[in-house]
Amino acid sequence: MTGPRVAARPVTPTTIVAAELDRICADLDRFEGIEPATTARLRRVRDIAAGLDPYLDGCTSPESPALADLARSTREIDWDADDAADGFVEKEMLSGHVEGRLLRFLVTMTRATRVLEIGVFTGYSALAMAEALPREGSVVACELDRKVAGRARELLNASVAGKRVTIEVGPATDTLRRLASQSRSGPDSRFDLVFIDADKAGYIDYLNTLLDSDLLTDHAVIAVDNTLLQGEPYLVAESRSTNGAAIAEFNEVVAADPRVEQVLIPVRDGLTLIRRLAPATGER
(Lines give C-alpha, C1' and ligand atoms only; values in the text may rest on other atoms or scores of the structure.)
Protein backbone atom coordinates (compact mmCIF):
# COMPACT_ATOMS: atom_id res chain seq x y z
CA MET A 1 0.00 0.00 0.00
CA THR A 2 1.56 3.27 -1.10
CA GLY A 3 -1.12 5.94 -0.61
CA PRO A 4 -1.26 9.31 -2.39
CA ARG A 5 2.01 11.01 -3.24
CA VAL A 6 2.55 14.68 -2.55
CA ALA A 7 3.94 17.34 -4.86
CA ALA A 8 7.67 17.35 -5.41
CA ARG A 9 7.86 20.92 -4.11
CA PRO A 10 5.79 21.22 -0.93
CA VAL A 11 5.42 24.86 0.14
CA THR A 12 2.57 24.90 2.66
CA PRO A 13 2.34 23.45 6.19
CA THR A 14 0.03 20.64 5.10
CA THR A 15 2.05 19.58 2.05
CA ILE A 16 5.31 19.76 4.02
CA VAL A 17 3.84 17.49 6.71
CA ALA A 18 2.60 15.10 4.02
CA ALA A 19 6.00 14.99 2.34
CA GLU A 20 7.81 14.31 5.61
CA LEU A 21 5.38 11.54 6.53
CA ASP A 22 5.78 10.05 3.08
CA ARG A 23 9.54 9.84 3.63
CA ILE A 24 9.06 8.28 7.06
CA CYS A 25 6.70 5.67 5.62
CA ALA A 26 9.23 4.85 2.92
CA ASP A 27 11.96 4.48 5.56
CA LEU A 28 9.80 2.14 7.67
CA ASP A 29 9.22 -0.11 4.67
CA ARG A 30 12.94 -0.89 4.69
CA PHE A 31 13.00 -2.12 8.30
CA GLU A 32 11.79 -5.37 9.78
CA GLY A 33 10.19 -5.67 13.17
CA ILE A 34 8.07 -2.51 12.94
CA GLU A 35 4.56 -3.17 14.21
CA PRO A 36 2.15 -3.22 11.24
CA ALA A 37 -0.32 -1.17 13.28
CA THR A 38 2.30 1.57 13.69
CA THR A 39 3.06 1.82 9.99
CA ALA A 40 -0.67 1.69 9.20
CA ARG A 41 -1.31 4.66 11.51
CA LEU A 42 1.52 6.65 9.95
CA ARG A 43 0.23 5.93 6.46
CA ARG A 44 -3.25 7.04 7.47
CA VAL A 45 -1.93 10.31 8.89
CA ARG A 46 0.11 10.82 5.73
CA ASP A 47 -2.92 10.15 3.54
CA ILE A 48 -5.02 12.62 5.52
CA ALA A 49 -2.41 15.35 5.04
CA ALA A 50 -1.64 14.52 1.41
CA GLY A 51 -5.27 14.26 0.39
CA LEU A 52 -6.49 17.53 1.92
CA ASP A 53 -5.45 20.01 -0.77
CA PRO A 54 -6.62 17.86 -3.71
CA TYR A 55 -9.96 17.35 -1.93
CA LEU A 56 -10.38 21.09 -1.32
CA ASP A 57 -9.55 21.70 -4.96
CA GLY A 58 -12.16 19.22 -6.13
CA CYS A 59 -14.87 20.60 -3.84
CA THR A 60 -14.26 24.22 -4.88
CA SER A 61 -15.96 25.78 -7.90
CA PRO A 62 -13.65 25.46 -10.91
CA GLU A 63 -11.47 28.31 -12.06
CA SER A 64 -12.40 30.19 -15.20
CA PRO A 65 -10.72 29.26 -18.51
CA ALA A 66 -8.79 32.54 -18.34
CA LEU A 67 -7.41 31.71 -14.89
CA ALA A 68 -6.56 28.16 -15.97
CA ASP A 69 -4.66 29.54 -18.97
CA LEU A 70 -2.80 32.04 -16.79
CA ALA A 71 -1.83 29.34 -14.28
CA ARG A 72 -0.63 27.03 -17.05
CA SER A 73 1.43 29.79 -18.65
CA THR A 74 3.00 30.62 -15.27
CA ARG A 75 4.03 27.00 -14.73
CA GLU A 76 5.56 26.83 -18.21
CA ILE A 77 7.85 29.83 -17.71
CA ASP A 78 11.49 29.04 -16.95
CA TRP A 79 11.83 31.18 -13.83
CA ASP A 80 15.49 30.21 -13.48
CA ALA A 81 16.36 31.91 -16.78
CA ASP A 82 18.42 35.11 -16.53
CA ASP A 83 15.76 37.18 -18.29
CA ALA A 84 12.76 35.83 -16.34
CA ALA A 85 12.86 38.36 -13.53
CA ASP A 86 15.08 40.90 -11.80
CA GLY A 87 14.70 39.23 -8.39
CA PHE A 88 13.96 35.79 -7.00
CA VAL A 89 10.67 34.31 -8.16
CA GLU A 90 9.28 30.79 -8.50
CA LYS A 91 6.11 29.28 -9.90
CA GLU A 92 4.94 28.35 -6.40
CA MET A 93 4.25 32.04 -5.79
CA LEU A 94 1.03 31.61 -7.77
CA SER A 95 -1.99 32.03 -5.49
CA GLY A 96 -3.79 29.08 -7.03
CA HIS A 97 -7.31 27.82 -7.50
CA VAL A 98 -8.73 27.61 -3.95
CA GLU A 99 -7.22 30.87 -2.73
CA GLY A 100 -8.27 32.57 -5.95
CA ARG A 101 -11.85 31.46 -5.34
CA LEU A 102 -11.69 32.73 -1.77
CA LEU A 103 -10.51 36.14 -2.97
CA ARG A 104 -13.31 36.16 -5.52
CA PHE A 105 -15.77 35.46 -2.70
CA LEU A 106 -14.36 38.37 -0.73
CA VAL A 107 -14.89 40.73 -3.66
CA THR A 108 -18.51 39.64 -3.92
CA MET A 109 -19.19 39.64 -0.17
CA THR A 110 -17.72 43.11 0.36
CA ARG A 111 -19.42 44.41 -2.80
CA ALA A 112 -16.06 45.83 -3.76
CA THR A 113 -15.63 48.11 -6.74
CA ARG A 114 -11.99 49.09 -6.12
CA VAL A 115 -9.35 46.54 -5.14
CA LEU A 116 -5.71 47.10 -4.22
CA GLU A 117 -3.15 44.33 -4.58
CA ILE A 118 0.39 44.56 -3.21
CA GLY A 119 2.51 42.01 -5.05
CA VAL A 120 1.01 40.86 -8.36
CA PHE A 121 3.43 38.15 -9.66
CA THR A 122 1.85 36.88 -12.91
CA GLY A 123 -1.62 38.19 -12.06
CA TYR A 124 -3.60 35.11 -10.98
CA SER A 125 -5.03 36.67 -7.82
CA ALA A 126 -5.58 40.00 -9.56
CA LEU A 127 -7.53 38.30 -12.33
CA ALA A 128 -9.54 36.21 -9.86
CA MET A 129 -10.66 39.37 -8.10
CA ALA A 130 -11.18 41.32 -11.32
CA GLU A 131 -13.53 38.63 -12.62
CA ALA A 132 -15.85 39.21 -9.64
CA LEU A 133 -15.91 43.00 -9.95
CA PRO A 134 -18.79 44.89 -11.53
CA ARG A 135 -18.19 46.30 -14.99
CA GLU A 136 -17.00 49.65 -13.58
CA GLY A 137 -14.72 48.00 -11.02
CA SER A 138 -10.94 48.10 -11.05
CA VAL A 139 -7.86 46.51 -9.51
CA VAL A 140 -4.68 48.50 -8.83
CA ALA A 141 -1.79 46.04 -8.53
CA CYS A 142 1.68 46.94 -7.21
CA GLU A 143 4.68 45.00 -8.49
CA LEU A 144 8.34 45.78 -7.79
CA ASP A 145 9.87 43.58 -10.50
CA ARG A 146 9.54 45.25 -13.91
CA LYS A 147 10.06 42.01 -15.87
CA VAL A 148 7.49 40.12 -13.83
CA ALA A 149 5.06 43.02 -14.21
CA GLY A 150 5.54 42.86 -17.97
CA ARG A 151 4.71 39.16 -18.01
CA ALA A 152 1.66 39.78 -15.84
CA ARG A 153 0.45 42.51 -18.16
CA GLU A 154 0.81 40.21 -21.16
CA LEU A 155 -1.11 37.40 -19.45
CA LEU A 156 -3.84 39.68 -18.10
CA ASN A 157 -4.42 41.24 -21.51
CA ALA A 158 -5.57 37.86 -22.79
CA SER A 159 -8.89 38.22 -20.92
CA VAL A 160 -11.60 40.85 -20.72
CA ALA A 161 -11.51 40.98 -16.91
CA GLY A 162 -7.72 41.29 -16.98
CA LYS A 163 -8.05 44.68 -18.61
CA ARG A 164 -9.61 45.98 -15.36
CA VAL A 165 -6.19 45.54 -13.71
CA THR A 166 -3.74 48.44 -13.66
CA ILE A 167 -0.17 47.48 -12.73
CA GLU A 168 1.94 50.04 -10.89
CA VAL A 169 5.64 49.16 -11.21
CA GLY A 170 8.03 50.16 -8.43
CA PRO A 171 8.31 50.00 -4.64
CA ALA A 172 4.86 49.50 -3.15
CA THR A 173 5.56 52.04 -0.40
CA ASP A 174 5.98 54.75 -3.05
CA THR A 175 2.80 53.70 -4.82
CA LEU A 176 0.85 53.63 -1.54
CA ARG A 177 1.98 57.15 -0.65
CA ARG A 178 0.85 58.43 -4.03
CA LEU A 179 -2.47 56.61 -3.81
CA ALA A 180 -2.97 57.94 -0.28
CA SER A 181 -2.56 61.51 -1.50
CA GLN A 182 -5.14 60.83 -4.22
CA SER A 183 -7.57 59.28 -1.71
CA ARG A 184 -7.93 62.61 0.05
CA SER A 185 -9.85 63.86 -2.95
CA GLY A 186 -12.83 61.68 -2.10
CA PRO A 187 -14.24 58.22 -1.41
CA ASP A 188 -14.05 57.22 -5.07
CA SER A 189 -10.27 56.95 -4.66
CA ARG A 190 -10.43 54.51 -1.74
CA PHE A 191 -10.34 50.73 -1.72
CA ASP A 192 -12.89 48.18 -0.54
CA LEU A 193 -10.51 45.21 -0.53
CA VAL A 194 -6.73 44.92 -0.25
CA PHE A 195 -4.70 41.78 -0.91
CA ILE A 196 -1.10 41.73 0.35
CA ASP A 197 1.25 39.10 -1.07
CA ALA A 198 4.66 40.74 -1.41
CA ASP A 199 7.96 40.97 0.48
CA LYS A 200 7.31 39.63 3.96
CA ALA A 201 9.57 42.17 5.69
CA GLY A 202 7.35 44.93 4.34
CA TYR A 203 4.04 43.58 5.65
CA ILE A 204 3.97 45.65 8.84
CA ASP A 205 4.72 48.89 7.00
CA TYR A 206 2.10 48.13 4.35
CA LEU A 207 -0.54 47.46 6.99
CA ASN A 208 0.29 50.59 8.99
CA THR A 209 0.21 52.72 5.85
CA LEU A 210 -3.24 51.39 5.03
CA LEU A 211 -4.59 51.89 8.54
CA ASP A 212 -3.05 55.35 9.01
CA SER A 213 -4.23 56.77 5.68
CA ASP A 214 -7.50 57.40 3.86
CA LEU A 215 -6.89 54.50 1.48
CA LEU A 216 -9.62 52.29 2.94
CA THR A 217 -13.38 52.57 2.82
CA ASP A 218 -15.21 52.14 6.11
CA HIS A 219 -16.09 48.51 5.33
CA ALA A 220 -12.75 47.56 3.76
CA VAL A 221 -11.17 44.15 4.30
CA ILE A 222 -7.43 43.49 4.12
CA ALA A 223 -6.36 39.96 3.14
CA VAL A 224 -2.75 39.03 3.86
CA ASP A 225 -1.16 35.94 2.30
CA ASN A 226 1.47 33.50 3.64
CA THR A 227 0.74 34.18 7.30
CA LEU A 228 1.47 30.53 8.14
CA LEU A 229 4.59 30.50 5.93
CA GLN A 230 5.44 26.79 5.84
CA GLY A 231 4.66 26.51 9.55
CA GLU A 232 7.61 28.69 10.54
CA PRO A 233 5.71 31.33 12.59
CA TYR A 234 4.71 28.75 15.21
CA LEU A 235 8.00 26.81 15.22
CA VAL A 236 10.85 27.70 17.56
CA ALA A 237 12.44 31.00 16.62
CA GLU A 238 15.85 29.42 15.98
CA SER A 239 14.46 27.38 13.10
CA ARG A 240 12.86 30.31 11.26
CA SER A 241 14.10 31.81 8.02
CA THR A 242 14.25 35.58 7.53
CA ASN A 243 10.79 35.50 5.95
CA GLY A 244 9.47 33.22 8.67
CA ALA A 245 10.68 35.62 11.35
CA ALA A 246 9.08 38.56 9.50
CA ILE A 247 5.73 36.77 9.32
CA ALA A 248 5.92 35.76 12.99
CA GLU A 249 6.50 39.41 13.93
CA PHE A 250 3.69 40.56 11.64
CA ASN A 251 1.24 38.10 13.19
CA GLU A 252 2.19 39.27 16.69
CA VAL A 253 1.79 42.92 15.72
CA VAL A 254 -1.63 42.33 14.20
CA ALA A 255 -2.83 40.30 17.18
CA ALA A 256 -1.83 43.13 19.53
CA ASP A 257 -3.19 46.01 17.42
CA PRO A 258 -6.32 47.49 19.06
CA ARG A 259 -7.32 49.17 15.79
CA VAL A 260 -8.30 45.93 14.07
CA GLU A 261 -9.97 42.55 14.36
CA GLN A 262 -8.54 39.63 12.43
CA VAL A 263 -8.86 35.93 11.69
CA LEU A 264 -6.09 33.68 10.38
CA ILE A 265 -7.48 31.06 8.00
CA PRO A 266 -5.39 27.90 7.41
CA VAL A 267 -5.95 27.83 3.65
CA ARG A 268 -2.86 27.04 1.56
CA ASP A 269 0.02 28.91 3.28
CA GLY A 270 -2.23 30.92 5.59
CA LEU A 271 -4.49 33.89 4.86
CA THR A 272 -5.27 36.55 7.47
CA LEU A 273 -8.37 38.71 7.09
CA ILE A 274 -8.19 42.08 8.82
CA ARG A 275 -10.89 44.71 9.40
CA ARG A 276 -10.36 48.15 10.87
CA LEU A 277 -12.52 48.82 13.93
CA ALA A 278 -14.60 51.94 14.33
CA PRO A 279 -12.29 54.46 16.04
CA ALA A 280 -15.03 55.86 18.22
CA THR A 281 -15.68 52.63 20.13
CA GLY A 282 -12.86 50.22 19.34
CA GLU A 283 -15.43 47.45 19.73
CA ARG A 284 -14.71 44.10 18.16
Side-chain angles (χ1 to χ4, degrees), residues 1-63 67-68 70-80 88-103 121-122 124-125 128 197 200 223-252 263-273:
M1 178 179 177
T2 58
R5 296 289 171 171
V6 298
R9 177 74 168 82
V11 294
T12 66
T14 302
T15 57
I16 290 170
V17 167
E20 290 297 324
L21 287 169
D22 202 38
R23 295 187 188 100
I24 292 172
C25 289
D27 288 342
L28 290 180
D29 289 340
R30 295 197 293 269
F31 293 99
E32 296 181 358
I34 305 296
E35 287 289 335
T38 299
T39 56
R41 286 197 299 269
L42 277 171
R43 290 191 180 106
R44 183 170 185 271
V45 173
R46 175 202 60 190
D47 294 350
I48 290 172
L52 179 59
D53 281 0
Y55 187 74
L56 294 176
D57 189 78
C59 291
T60 299
S61 297
E63 59 193 352
L67 282 169
L70 192 152
R72 182 173 58 253
S73 297
T74 300
R75 290 191 295 267
E76 291 173 350
I77 294 172
D78 180 8
W79 293 107
D80 293 328
F88 173 76
V89 293
E90 55 184 353
K91 61 185 177 182
E92 286 82 8
M93 291 179 175
L94 192 80
S95 296
H97 171 212
V98 174
E99 189 170 4
R101 269 288 164 181
L102 178 54
L103 291 172
F121 190 39
T122 56
Y124 189 97
S125 52
D197 184 14
K200 311 315 169 192
V224 186
D225 200 15
N226 301 119
T227 47
L228 288 178
L229 199 77
Q230 301 182 17
E232 291 188 22
Y234 53 86
L235 297 176
V236 294
E238 291 76 12
S239 66
R240 293 173 185 156
S241 64
T242 301
N243 282 339
I247 290 296
E249 182 184 7
F250 173 79
N251 290 342
E252 291 171 3
V263 57
L264 201 168
I265 305 173
V267 61
R268 200 168 180 262
D269 207 21
L271 185 74
T272 297
L273 303 183

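Any value given below was found using the heavy atoms of this structure, including those in side chains, with hydrogens, waters and symmetry copies removed. Remember, it's a predicted structure, so these values are computed and weren't measured experimentally.
Separating the CG atom in D225 from the NZ atom in K200 is a distance of 6.0 Å, to the nearest 0.5 Å. To the nearest 0.5 angstrom, D27 atom CG is 13.0 Å from T39 atom OG1. One distance of note links CD1 of I265 with CG of L273; it measures 4.0 Å at 0.5 Å rounding. Taken from CG in L102 to OG1 in T60, the straight-line distance is 9.5 Å, to the nearest 0.5 Å.
Residues R44 and R41 are not in side-chain contact: their nearest non-hydrogen atoms beyond the backbone lie 4.5 Å or more apart. The closest side-chain heavy-atom distance from T12 to D53 is below 4.5 Å. Using a 4.5 Å heavy-atom threshold, the side chains of D197 and S95 count as touching.
Between L94 and L70, the shortest heavy-atom distance links the atoms CD1-CD2, 4.2 Å. In plain terms, the two heavy atoms of T74 and W79 that are nearest each other are O-NE1, 3.0 Å. In plain terms, the two heavy atoms of A128 and L67 that are nearest each other are N-CD2, 3.7 Å. Residues L28 and L42 come closest through the heavy atom pair CD1-CD1, 3.2 Å. Closest approach of L264 and G270 over heavy atoms only: CD2-CA, 4.3 Å. Counting all heavy atoms, side chain and backbone alike, P13 lies closest to R268 at CD-O, 3.8 Å.
With hydrogens and angles ignored, the 3.5 Å screen pairs no side-chain donor or acceptor of D57 with any backbone N or O of H97. Here the side chain of D269 pairs a donor or acceptor atom with the backbone of Q230 at under 3.5 angstrom. Although no hydrogens or angles enter the test, the distance criterion places a donor-acceptor pair under 3.5 Å between the side chain of R240 and the main chain of P233.
Of the N and O atoms on the side chains of E99 and S125, not one donor lies less than 3.5 Å from an acceptor on the other residue.
The number of heavy-atom neighbours closer than 6.0 Å to OH of Y55, taken from other residues, nucleotides and ligands shown, is 12 or below.
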